Amino acid sequence: MALIVQKFGGTSVANAERIKNVAGRVARTRSEGNNLIVVVSAMGEMTDELVDLAHQITDAPDEREYDMLLSTGEQISVALLAMALHTLGQEAISFTGAQVGIRTDGWHTKARIVSIETERIQKELNAGRIAIVCGFQGVDSEFNITTLGRGGSDTSAVALAAAFSADLCEIYTDVDGVYTADPRIVPEARKLPMISYDELLEMASLGAQVMQPRAVEFGKKYGVPMRIRSSFNDDPGTLVTKEVASMEKVVVSGVSLNEKEAKITLVGVPDKPGVAAQIFEKIGSANVVVDMIIQNVSENGLSDISFTVPRDDVKRAIGVCEKIRADLGAKQIRADEKVAKVSAVGVGMRGHSGVAAKMFKALADEGVNIEMISTSEIKISCVVGADRGRDALRAIHKAFDLDKAAAMIEG
Ligand code: ADP
Ligand code: ASP
Ligand code: MG
C-alpha cells in the first residue's frame, strides 16, 4: 500500500463547496488503495485577514501571540475537511501541528522544523484512518505554537512526506503546475511537465510563489518525489525530480519576479580590510537576510556598499545601518524601497555562453535600467526599478522563447 501526502492550499479550501471537492479527491485516492496524510492551509484569504486583524490592534504585535493567532486558520480547515470526509463514509481524524509532534525552533513567524514524531500519525494510518494535519504550524521546545513563514503549509507537507518516506507528495493549488513564469503576470507562460529540485528552488527563492523555498529544500534533501498540480482538474501537473540529462538542453526553464525587495546604500565607508565583515555581521545578527551586495570603486579611501534586503525588513536594516554609520564614520545611508528583482533560471545555463548578454539585451530593448546584477551557476538576477519589474519579466520570458512550445521538454 502506497503512502501519499496531499497538500491543499488556501484557494482549494476557500469555502464549504471546495472543501467537499477536496474531500472527494482525498476519498478517491484512498479508495484506490493508498494510505493518506493530508495537509491543509487556512481557508482562502483567512491568514491575510488574521494579519490585518492583529495590525488593527497594534503596529508591532508580539510575535508569540501573532503565531498563536495566525495558526488558528488551519485548525478550522482540518476540522471541516475531516467532517466532509466523514460524510463520504471515510474514517478521518484531524490534528494540529503540536498534536502530531511537529517540533520547530523558537523563531516565531519564521520557525524551522527540527523534528517530527511519527507515532501518532502512524497509529492512525495503521487503524485505516486518513490523518489530516494543520499546515504552517508547529511547537517549540516549550510548546509555544510557532508558524513556518507565509506559504509554510508546503513545508509541513514535504517535511511529513520525508518523515514518513512517503511514495509521493502532491501539492494541490490553483494553477496546473509550475509555469515558465507566474501566469498571473505573463499570460503566455507555459506549464512545465517536469522541473529539477534546483531549478524550482531557485525560482521559488527568487519570487515564484508557487512553492515555499524551504519545502523544495526538504524535498531535495530527502529525495521526496513531488507533483504540483491543480485541485480543480485532473491535469497531471509538474513533476519535481532530480536533474536528468535532457533538462540541460533547455537554457532557461523559467523566469521569476520578486517585487518585495529594497536597496540600501552605505555611502562613504572606509575602504579597508574588515569593514564588509563588520557591516554584514551586524545586519545578520538582526536576522535580516541580505541578498545581493555590490561594492563600488573606491575614491579617496572611501567606497559605497549597496545591498538588497526583503522590503519587510528594511526598517530593521536601516536601524542597524545607523549604528554602523556612527561606528565607521560613513557619510550617508540611502534606502530605495522601490526596486524589484527579475531572474532567469535554468540548469542548461551551465553549458551555454551568452545567456547574460541575451537577458541584458532584452532589458535594454525594453528600456529597463539594470541597477544590480548577480549570477550563479543556474541563474542570473537583475535589480530594476519596481515600476518596470513586470515589463522586465515579460521581456525576458519572450527573449528566451519561453512562450513557444518548442522550448519544452516532455517528461
Ligand atoms: P496555495 O494557496 O495553493 O499555496 P499560492 O498562491 O501560494 O497557492 O501559489 C500559487 C500561485 O503561485 C499561483 O496562483 C501563481 O499565480 C503563483 N505563481 C508564481 N510563479 C509561478 C510559476 N512559475 N508557476 C506557477 N504559479 C506561479
Ligand atoms: N495559511 C498560511 C499562509 O497563508 C500558510 C499557507 O497557506 O501555506 O501563508
Ligand atoms: Mg502557497
Side-chain angles (χ1 to χ4, degrees), residues 6-14 18 22 39-52 66-67 69-78 97 109-111 133-138 145-160 170-195 199-216 226-232 235 237-238 240 252-260 342-346 389-390 393-394 396-397 402-403:
Q6 295 186 327
K7 178 255 166 177
F8 295 90
T11 324
S12 308
V13 293
R18 290 194 183 167
V22 164
V39 174
V40 199
S41 292
M43 293 169 72
E45 311 291 307
M46 186 172 288
T47 311
D48 289 332
E49 285 159 20
L50 293 170
V51 169
D52 188 53
Y66 191 74
D67 276 357
L69 177 70
L70 261 58
S71 63
T72 59
E74 272 67 15
Q75 204 171 324
I76 296 175
S77 323
V78 288
T109 78
K110 289 180 192 157
V133 183
C134 290
F136 182 52
Q137 58 174 255
I145 293 180
T146 53
T147 62
L148 309 179
R150 297 305 304 272
S153 299
D154 295 328
T155 302
S156 310
V158 182
L160 280 163
E170 293 183 311
I171 305 289
Y172 284 95
T173 181
D174 57 2
V175 268
D176 288 352
V178 180
Y179 277 63
T180 49
D182 186 340
R184 290 190 215 180
I185 304 175
V186 186
E188 312 79 49
R190 299 182 59 89
K191 194 196 75 183
L192 295 160
M194 63 197 288
I195 190 166
E199 286 171 319
L200 183 57
L201 183 55
E202 288 285 9
M203 280 179 72
S205 311
L206 295 165
Q209 192 196 334
V210 66
M211 222 159 143
Q212 200 193 40
R214 226 177 271 162
V216 189
M226 306 193 292
R227 203 170 259 290
I228 299 177
R229 54 190 302 194
S230 167
S231 63
F232 301 108
D235 190 293
T238 301
V240 189
V252 170
S253 303
V255 294
S256 287
L257 175 67
N258 183 340
E259 295 184 291
K260 292 183 184 151
V342 62
S343 311
V345 174
R390 292 179 173 222
L393 188 77
R394 287 187 278 260
I396 298 166
H397 191 267
L402 293 178
D403 47 349

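Counting starts at 1 for both ligands and their atoms, in listed order. Since the model is a prediction, treat every value here as computed from it, not as a measurement.
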protein heavy-atom neighbour closest to atom 24 (N) of ligand 1 works out as Tyr179 N, 2.9 Å

Run down the list Ala189, Gly135, Ala14, Gly177 and name the one with the heavy atom closest to atom 25 (C) of ligand 1. Gly177

What residue and atom, counting heavy atoms only, is the protein's closest point to atom 27 (C) of ligand 1, and at what distance? Val210 CB, 3.6 Å

Atom 6 (O) of ligand 1 [closest protein heavy-atom partner, distance rounded to 0.1 Å]: Gln209 NE2, 2.9 Å

Would you say that more than 12 heavy atoms from the other residues, nucleotides or ligands in this model lie under 6.0 Å from the CD of Glu188, or not? yes

List every atom of ligand 1 that sits less than 4.0 Å from any heavy atom of Met203, numbering the atoms from 1 in the order shown and giving each element. 23 (N)

Can you tell me if Ser256 uses its side chain to pair, donor with acceptor, with the backbone of Met203 under 3.5 Å? yes

Nearest heavy atom to atom 2 (C) of ligand 2 wins, so pick from Met46, Gln137, Glu74. Glu74

Show the atoms of ligand 2 that are less than 4.0 angstrom away from any heavy atom in Gly151. 3 (C), 5 (C), 6 (C), 8 (O), 9 (O)

Any side-chain to backbone donor/acceptor pair from Glu74 onto Ala42? Under 3.5 Å, distance only. yes

Run the contact test for Gly10 against ligand 1 with a 4.0 Å cut-off on heavy atoms, strictly below, and give the result. yes

Specify side chain, backbone, both or neither for Ala181, according to which of its non-hydrogen atoms lie closer than 4.0 Å to ligand 1. backbone

Polar-atom distance check: Asp174 versus ligand 1, any N or O pair below 3.5 Å? yes

For atom 14 (O) of ligand 1, which protein heavy atom lies nearest, and how many Å away is it? Arg184 NH2, 2.6 Å

Charged N to carboxylate O under 4.0 angstrom, Arg229 versus Asp176? no

So, does Gly254 sit close enough to ligand 1 that a heavy atom of it is under 4.0 Å from the ligand? no

Exam field: side chain Arg18 to backbone Thr11, donor-acceptor pair closer than 3.5 Å: yes

Determine, for Asp235 against Lys191, whether the closest basic-nitrogen to carboxylate-oxygen distance falls under 4.0 angstrom. yes

Checking the side chain of Ser156 only, and the main-chain atoms of Phe136 only, is there a donor and an acceptor separated by less than 3.5 Å? yes

Residue pair Asp182, Arg390: steps toward the salt bridge (Lys or Arg N to Asp or Glu O under 4.0 Å) verdict: CA-CA 10 Å; Asp182 186 340; Arg390 292 179 173 222; over 6 Å; no

Hey, what do you get for CG (Leu192) to CG (Leu402), rounding to the nearest 0.5 Å? 8.5 Å

Ligand 1 to Val178, heavy atom cutoff 4.0 Å, flagged ligand atoms 24 (N)

As an exercise, identify every atom of ligand 1 less than 4.0 angstrom from a heavy atom of Lys7. 4 (O)

Has ligand 1 got any nitrogen or oxygen that is less than 3.5 angstrom from a nitrogen or oxygen of Thr180? no

Is a donor from one side chain sitting under 3.5 angstrom from an acceptor on the other, for Thr155 and Gln212? yes

Under 4.0 Å from a heavy atom of Ser41: which atoms of ligand 2 are those, numbered in the order shown and with their elements? 6 (C), 7 (O), 8 (O)

Any side-chain donor paired with an acceptor under 3.5 Å for Asp67 and Thr146? no

Students should be able to answer this: which protein heavy-atom is nearest to atom 15 (C) of ligand 1, and at what distance? Asp182 OD1, 3.4 Å

Check for me whether Gly9 has a heavy atom closer than 4.0 Å to any atom of ligand 2. no

Where the side chain of Thr180 meets the backbone of Arg190, is there a donor-acceptor pair that is under 3.5 Å apart? yes

Are there more than 12 heavy atoms of other residues, nucleotides or ligands under 6.0 Å from atom CD of Glu259? yes

Quick one: nearest non-hydrogen protein atom to atom 6 (C) of ligand 2, plus distance? Ser153 OG, 3.3 Å

heavy-atom search around atom 1 (P) of ligand 1 in the protein gives Thr173 OG1, 3.6 Å

Look at atom 4 (O) of ligand 2 and say which protein heavy atom is nearest, naming residue and atom and giving the distance to 0.1 Å. Arg150 NH2, 2.9 Å

